[in-house]
Structure formats: structure tokens, C-alpha cells
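To start, the structure under review is shown below, and the notes come after it.
Predicted model, so just to flag it, every value in this text is computed and none were measured. Heavy-atom basis, side chains included; hydrogens, waters and symmetry copies ignored.
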There are 2 protein chains.
Amino acid sequence: MSDLENVSLKLEALGYRVTPSRRAVIAAVLQQSDHFSVDDVLHRCRGAGRATVFRTIRLLTDLGVVCRLLLADGSLHYRVSQRGHHHHLVCTACGTVRDLDQCAISDLMRELSDAYGYEIEGHWLELYGRCSACRSAVAAEAR
Amino acid sequence: MSDLENVSLKLEALGYRVTPSRRAVIAAVLQQSDHFSVDDVLHRCRGAGRATVFRTIRLLTDLGVVCRLLLADGSLHYRVSQRGHHHHLVCTACGTVRDLDQCAISDLMRELSDAYGYEIEGHWLELYGRCSACRSAVAAEAR
DNA sequence: TGTCTCGTTGAGACCAAGTATCATGTCTGA
DNA sequence: TCAGACATGATACTTGGTCTCAACGAGACA
Ligand SMILES: [Zn+2]
Ligand SMILES: [Zn+2]
Ligand SMILES: [Zn+2]
Ligand SMILES: [Zn+2]
């Protein structure tokens with residue numbers, strides 16, 4: 001579910017047209033190595049208009065091709081996503097993201113559900129830290 | 001740490017002046033029953049300018065008098081806060097917020113720390129659902 | 001072939017949230 | 001009492017995103 005053809009097929013299967021503008025946006029998204037902002041795509045996408053870029057990225061989000069990523073500074077980024085629901089561990093120094101295997105708080109949610117009678121419908125979880133590479137780089141520098 | 005006098009004292013103790021504008025903002029914040037947006041305060045605060053309201057709310061956040069609350073629709077609200085670090089369970093129907101007693105994912109963070117070598121510095125967690133009152137209201141209506 | 005229809009596009013207006021600027025006002029401590 | 005730091009608020013600006021709307025284009029159909 002990660003290259004241009006696959007995404008195009010998926011769109012078509014759902015009745016969306018695969019137009020040149022959409023292809024351009026999708027291609028730009030797929031060639032991002034790590035997470036990216038809408039603006040990043042906008043710059044790599046001469047030819048597709050602002051609105052179309054926003055619309056297409058929303059479409060890709062709804063389709064599960066990319067996932068949202070809330071950075072520590074509050075800005076919203078995106079990231080090509082293979083799996084379904086998951087969360088992220090973001091390095092605040094180098095920006096690298098590690099996907100967590102599965103939702104790690106389903107137990108917690110069940111507990112809360114039981115304790116307070118809430119029916120939990122959704123949640124937002126992001127974790128920020130420094131990866132081991134960045135930590136050892138700092139340690140080396142301090143020496 | 002929740003009424004006007006206490007907050008004023010706290011500000012003074014840290015070297016901030018307690019000006020009429022700040023008093024007005026703080027009073028408006030404290031009389032909010034549940035969570036509120038900056039705009040809510042702005043409307044209840046004729047006399048304090050826009051910038052000052054933003055500045056004062058940031059000050060209160062830094063002081064721990066209020067905490068941030070990310071709603072399901074992505075908008076940022078605030079809420080008077082007694083305790084320190086905690087998370088929220090927000091009803092998507094009536095908007096009521098329940099504070100969770102403590103950070104429920106400290107175990108998870110320790111695990112991740114160990115597994116991946118990240119030094120975790122921060123995180124963001126919000127839970128959305130329907131409270132029991134709203135659930136039974138819907139159930140009654142469906143009958 | 002022409003023509004209808006409907007999804008799509010993109011320029012630009014608009015909007016919301018928040019920050020920067022800066023002239024002015026107010027404390028406060030020497 | 002004076003200098004300097006702190007605080008204010010009008011307003012301009014920025015950022016991130018949506019809305020509008022005229023125009024386009026790819027079928028479907030006759
Ligand atoms: Zn790193
Ligand atoms: Zn999850
Ligand atoms: Zn409710
Ligand atoms: Zn926590």
C-alpha cells in the first residue's frame with residue numbers, strides 16, 4: 001500500500017479519479033523519507049494548487065495511506081503509514097520517528113471504561129524523547 | 001491555588017506585577033466552570049487587549065494554574081487545574097472533562113525507554129468518549 | 001458526434017489562532 | 001525624581017487551513 005500504483009488503484013476502487021494533480025501530490029508524499037508538513041509537499045508540487053494539496057492529503061489520511069503526527073511544538077505533520085492504528089515516538093533532536101507496534105493503551109482504556117462508564121471513542125497519544133543516537137552524540141560532545 | 005488572591009500572590013512571589021488587566025483575565029479564567037478557549041476569556045474580558053489575554057493565559061499555563069486541553073476537533077482549550085501533570089477524559093457529547101488521577105502511561109514510558117534507548121522527555125495524551133450520562137440519554141431516546 | 005453531468009481543479013478570498021511591533025503608560029529602586 | 005524595566009493594547013502580520021466559484025474534463029448517453 002505504499003507506491004504510486006497501489007495508491008492509485010485504491011483511489012480508483014473507491015470511485016475517486018486519479019488526476020494529474022493527485023498523482024503529483026501522491027508522488028511527492030511517497031518520496032518523503034520521514035514525516036513532512038503540508039507545506040513541504042506544496043513546495044515539491046509545482047502544478048498542484050494549495051487547496052488540492054490540502055484536499056489530497058486529507059484524502060490520503062482518510063484512506064490510511066498517511067497518518068497524522070503531532071510534533072512537540074504543536075505543529076501537525078504527516079507520515080506514510082503501512083499499518084493501521086498506532087502511535088509514535090518522536091526524537092526531539094533529530095526528528096526521527098519510531099512507530100510503536102500497536103496501541104499501547106488499550107488496557108488503560110478498558111480500565112477507564114469500566115471505572116467511569118465512558119465509552120471511549122478515540123484518543124491521541126504522542127511520545128517525545130531523545131533517541132539513543134542523539135543521546136550518545138551529546139555525551140561524546142560533552143567529553 | 002485556585003482563587004484570585006492565591007494566584008495573585010503566586011504571581012507576585014515570582015516577580016510579576018498584578019496589574020488590572022491581569023486581574024481581569026485571571027478572574028475571567030477562574031469563573032469558567034469547565035474548559036474554555038482563549039476566545040471565551042476574550043469575550044468576558046472587556047478591557048484587557050487580545051495580546052494581554054494570550055500572554056496572561058500562557059503565564060497561567062506556565063505557572064500550572066491552568067492546563068491545556070486538546071479537543072477532539074483539534075482546537076486548544078484550557079482548564080483550571082489543581083494538580084500537577086495529568087490527562088483528561090473528554091465527553092464528545094456534552095464536553096464534560098474528567099481529570100485522570102495521575103499519568104497512566106509512566107509504566108509504558110519506562111518500557112519504551114528500556115526497549116529503544118529513548119530518553120522520554122514529554123508526551124501528549126487525551127482520551128475522547130461518551131460519558132455515562134450521555135450514553136443513557138441516547139439509549140432513552142432510542143427507546 | 002454533440003451534449004449533460006458530475007467530480008475536480010486552482011486562484012484567491014476568507015477565517016481562526018496566535019505572534020510581533022511599538023508607542024505609550026506605570027512601577028520601582030537608586 | 002529620574003532611569004530603566006515591566007506591562008499594555010491597537011494593529012499589523014503570519015501561519016495553517018477552508019470556502020467559493022468559474023472553468024475544465026472524462027465518461028455516459030443519445
Ligand atoms: Zn535523535
Ligand atoms: Zn491508540
Ligand atoms: Zn457527556
Ligand atoms: Zn502523562
Side-chain angles (χ1 to χ4, degrees), chain A residues 7-29 32 35-63 66-79 124 126, chain B residues 4 7-29 32 35-63 65-79 124 126:
Chain A
V7 176
S8 302
L9 289 175
K10 197 167 179 180
L11 278 181
E12 270 171 359
L14 288 164
Y16 296 102
R17 292 187 196 154
V18 180
T19 64
S21 295
R22 282 186 178 156
R23 290 187 92 83
V25 174
I26 297 169
V29 161
Q32 301 284 327
H35 52 99
F36 54 90
S37 64
V38 173
D39 223 55
D40 293 332
V41 175
L42 212 40
H43 288 323
R44 279 177 186 68
C45 246
R46 284 278 107 92
R50 204 170 134 67
T52 299
V53 172
F54 275 99
R55 284 189 286 236
T56 307
I57 290 182
R58 181 166 50 200
L59 197 52
L60 294 179
T61 309
D62 294 345
L63 257 58
V66 300
C67 58
R68 283 180 227 269
L69 176 63
L70 184 63
L71 295 192
D73 69 358
S75 64
L76 192 58
H77 274 220
Y78 295 85
R79 179 171 155 84
W124 189 260
E126 301 280 3
Chain B
L4 186 51
V7 176
S8 303
L9 289 174
K10 196 167 179 181
L11 277 181
E12 271 171 357
L14 288 164
Y16 295 101
R17 292 185 194 155
V18 180
T19 64
S21 294
R22 281 184 178 159
R23 288 189 93 82
V25 174
I26 296 169
V29 162
Q32 300 284 328
H35 52 100
F36 54 90
S37 64
V38 173
D39 222 55
D40 292 333
V41 175
L42 213 40
H43 289 322
R44 280 176 185 68
C45 245
R46 285 279 107 92
R50 206 171 137 65
T52 299
V53 172
F54 274 99
R55 283 188 287 237
T56 307
I57 290 182
R58 181 166 48 201
L59 197 52
L60 294 178
T61 309
D62 293 346
L63 257 59
V65 173
V66 301
C67 58
R68 282 179 228 271
L69 177 63
L70 184 64
L71 296 191
D73 70 358
S75 64
L76 193 56
H77 274 220
Y78 294 85
R79 179 172 154 83
W124 189 260
E126 302 279 3

Criterion side-chain contact (heavy atoms from CB on, under 4.5 Å) on B:R55 and B:L59, from CA distance to verdict: CA-CA 6 Å; B:R55 283 188 287 237; B:L59 197 52; over 6 Å; no
side-chain contact (heavy atoms from CB on, under 4.5 Å) assessment of B:L70 paired with A:L70: CA-CA 11 Å; B:L70 184 64; A:L70 184 63; 4.0 Å; yes
From CA spacing to verdict: side-chain contact (heavy atoms from CB on, under 4.5 Å), A:F36, A:V66: CA-CA 10 Å; A:F36 54 90; A:V66 300; 4.3 Å; yes
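OP1 or OP2 of C:dT8 sits under 4.0 Å from a side-chain N or O of A:R22. Using a 4.0 Å cut-off, some side-chain N or O of A:T19 falls inside it from OP1 or OP2 of C:dT9. Contact annotation: A:S75 does not reach the phosphate of D:dT15 (side-chain N/O to OP1 or OP2, under 4.0 Å).
Rounded to an integer number of Å, the gap from CD of B:E12 to C1' of D:dA7 is 15 Å. Taking atom NE2 of residue B:H77 and atom C1' of nucleotide C:dG18, one finds them 15 Å apart after rounding to whole Å. In this structure, CG of A:L11 is placed 10 Å from P of C:dT9, rounded to the nearest angstrom. Rounded to a whole Å, the CD1 atom of B:I26 is 12 Å from the P atom of D:dA7. For the pair B:D73 CG and C:dA17 C1', the computed distance is 13 Å after rounding to whole Å. Rounded to whole Å, the distance from OH on B:Y16 to P on D:dA5 is 17 Å. Distance, B:R17 CZ to C:dG29 C1': 11 Å, rounded to whole Å. In this entry the distance linking CG of A:L14 with C1' of C:dG7 reads 15 Å, nearest Å.
Inter-residue side-chain proximity for B:L14 and B:L63 is flagged as met; some heavy-atom pair is nearer than 4.5 Å. Contact check for A:V18 versus A:I26: no side-chain heavy atoms found under the 4.5 Å cut-off. Counting heavy atoms from C-beta on, the side chains of B:Y78 and B:Q32 never come closer than 4.5 Å.
The 12-atom threshold is not exceeded at CZ of A:R68, counting heavy atoms of other residues, nucleotides or ligands nearer than 6.0 Å.
Distances were taken from every side-chain heavy atom of B:V38 (C-beta onward) to each of D:dA26, D:dA5, C:dG18; the shortest belongs to C:dG18. Listed nucleotides D:dG9, D:dA7, C:dT9 differ in distance to B:S21; the shortest reach to its side chain belongs to D:dG9.
Remark: A:A51, A:F54, A:R58 in residues 51-62 of chain A come within less than 4.0 Å of DNA chain D through at least one heavy atom. Interface residues of residues 43-50 of chain B facing DNA chain D, ordered by number: B:G47, B:A48, B:G49; criterion, heavy-atom separation under 4.0 Å.
For the residue pair A:D73 / A:S75, a side-chain donor-acceptor distance below 3.5 Å is found, with atom types taken as modelled.
Looking at every heavy atom in both residues, A:A24 comes nearest to A:C45 through O-SG, 3.5 Å.
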